[in-house]
Engineer: 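Pasting in a structure now, in structure tokens, and then I'll have a few things to ask.
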Amino acid sequence: MSRSARRITATVLASGALLAAAALPATADGRGHGHGHDRPAQRSAVVLGKVQYDSPGRDNGSNRSLNAEWVTVTNTSRHAVNLRGWTLSDESRRTYRFDLRLPARSSVRVHTGVGRDTRHDVYQDRRNYVWDNRDTATLRDNRGNKVDSKSWGRNQHGGHR
């Protein structure tokens, strides 16, 4: 084997070893292999954005007031994501199930009350408030894996509004 062929072979083998070593921490933490539904499987392009957890004005239970309470779900990627079967829930396990395709680099607001779904707004069709002043919104994929969460009030781990 020529000297240059040995160098190329050694370089390829060393590069492979470096890639394998870099991949070990990602698999060693249990992510992406179905271990624990509360850990994100991997960093998702779909994330929770702004949350309006306390309807502005008086909480009179009207549909208008209920729809002033919402959570934004954003697709940060360059590709559309099928959210069919994904869920958004609060700490009391009140759950909304998605049935939509979220276009690339776009957002959808999930309102609490009754309404007609559009590309930018969907409705849980509830008659009672969901998002308390101290709560956590959790987004899960269609396999039940936690994708993102956002907390506020005493539970604050990820910001609010």
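Computed from heavy atoms alone, side chains included, the values below leave out hydrogens, waters and symmetry copies.
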Engineer: Return the NZ to NZ distance between Lys50 and Lys150, rounded to the nearest 0.5 Å.
Structural biologist: 9.5 Å
Engineer: I want to check something: taking the side chain as every heavy atom from C-beta on, are Asp54 and Trp131 in contact at a cut-off of under 4.5 Å?
Structural biologist: no
Engineer: Looking at every non-hydrogen atom in both residues, tell me the closest pair between Trp86 and Ser44 and how far apart they are.
Structural biologist: CH2-OG, 4.4 Å
Engineer: Taking side chain to side chain contact (heavy atoms under 4.5 Å, CB included) as the definition, give me every residue that meets it alongside Asn128, ordered by chain and number, with sequence neighbours left out.
Structural biologist: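 Checked Asn128 against side chain to side chain contact (heavy atoms under 4.5 Å, CB included); zero matches.
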Engineer: Any side-chain heavy atom of Tyr53 within less than 4.5 Å of one from Asn133?
Structural biologist: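 Yes. Closest side-chain heavy atoms under 4.5 Å.
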Engineer: Run the salt bridge (charged side-chain N to carboxylate O under 4.0 Å, His left out) test against Asp132 and tell me which residues pass, sequence neighbours left out.
Structural biologist: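 If we apply the salt bridge (charged side-chain N to carboxylate O under 4.0 Å, His left out) test to Asp132, skipping adjacent residues, the hits are Arg94.
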Engineer: Going by the angle between their ring planes, with limits at 30° and 60°, are Tyr123 and His111 parallel, tilted or perpendicular?
Structural biologist: parallel
Engineer: Which value, rounded to the nearest 0.5 Å, describes the distance between Asn67 atom CG and Gln124 atom CD?
Structural biologist: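 Rounded to the nearest 0.5 Å, the CG-CD separation comes out at 9.5 Å.
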Engineer: Report yes if some heavy atom in the side chain of Arg109 is under 4.5 Å from a heavy atom in the side chain of His120; otherwise report no.
Structural biologist: no
Engineer: Only one of Asp148, Leu83, Thr76, Asp141 passes side-chain contact (heavy atoms from CB on, under 4.5 Å) with Val46; say which it is.
Structural biologist: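 That would be Leu83; it is the only one of Asp148, Leu83, Thr76, Asp141 passing the side-chain contact (heavy atoms from CB on, under 4.5 Å) with Val46.
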Engineer: Quick one: side-chain hydrogen bond (donor to acceptor under 3.5 Å, both in side chains) partners of Thr95, sequence neighbours excluded?
Structural biologist: none
Engineer: Is there a path of hydrophobic side-chain contacts, each under 4.5 Å between heavy atoms of I, L, V, M, F, W or Y residues, that connects Phe98 with Leu102?
Structural biologist: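 Looking at the clustering, Leu102 is in the same group as Phe98.
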Engineer: Measuring from Ser89:OG to Leu139:CG, what's the distance to the nearest 0.5 Å?
Structural biologist: 8.5 Å
Engineer: I'd like to know if Val47 and Val71 are part of one continuous hydrophobic network [Ile/Leu/Val/Met/Phe/Trp/Tyr, side-chain heavy atoms within less than 4.5 Å].
Structural biologist: no
Engineer: Given Asp125, which partner from the list Val114, Thr112, Asp117, Asn63 fulfils the side-chain contact (heavy atoms from CB on, under 4.5 Å) test?
Structural biologist: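 It is Val114, the one option of Val114, Thr112, Asp117, Asn63 that forms the side-chain contact (heavy atoms from CB on, under 4.5 Å) with Asp125.
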Engineer: Using a side-chain heavy atom cutoff under 4.5 Å and only I, L, V, M, F, W and Y, what cluster partners does Leu66 have?
Structural biologist: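 ILVMFWY cluster around Leu66 also holds Tyr129.
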Engineer: Taking side-chain hydrogen bond (donor to acceptor under 3.5 Å, both in side chains) as the definition, give me every residue that meets it alongside Asn60, ordered by chain and number, with sequence neighbours left out.
Structural biologist: Ser62
Engineer: Once you round to the nearest 0.5 Å, how far does CG of Leu48 lie from OG1 of Thr138?
Structural biologist: 8.0 Å
Engineer: Hey, are the side chains of Val108 and Thr72 touching, using non-hydrogen atoms and a 4.5 Å cut-off?
Structural biologist: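 SC-SC contact between Val108 and Thr72 ruled out.
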Engineer: How long is the gap from OG on Ser65 to CG on Asp59, to the nearest 0.5 Å?
Structural biologist: 5.0 Å
Engineer: Do Glu69 and Ser55 have side-chain atoms, one donor and one acceptor, less than 3.5 Å apart?
Structural biologist: no
Engineer: State which residues pass salt bridge (charged side-chain N to carboxylate O under 4.0 Å, His left out) with Asp99; sequence neighbours excluded, sorted by chain then number.
Structural biologist: Arg84
Engineer: For side-chain contact (heavy atoms from CB on, under 4.5 Å), just list the numbers for Trp70 and Val110, CA-CA rounded to whole Å, side-chain angles, deciding distance to a tenth of an Å, and then say yes or no.
Structural biologist: CA-CA 5 Å; Trp70 45 261; Val110 181; 5.9 Å; no
Engineer: According to a hydrophobic-cluster definition based on side-chain heavy atoms being under 4.5 Å apart (Ile, Leu, Val, Met, Phe, Trp, Tyr only), do Val122 and Val130 belong together?
Structural biologist: yes
Engineer: Any idea which heavy atoms bring Ala104 and Asn75 closest together, and the distance?
Structural biologist: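 Looking at all heavy atoms of both residues, the closest pair is CA-ND2, 3.7 Å.
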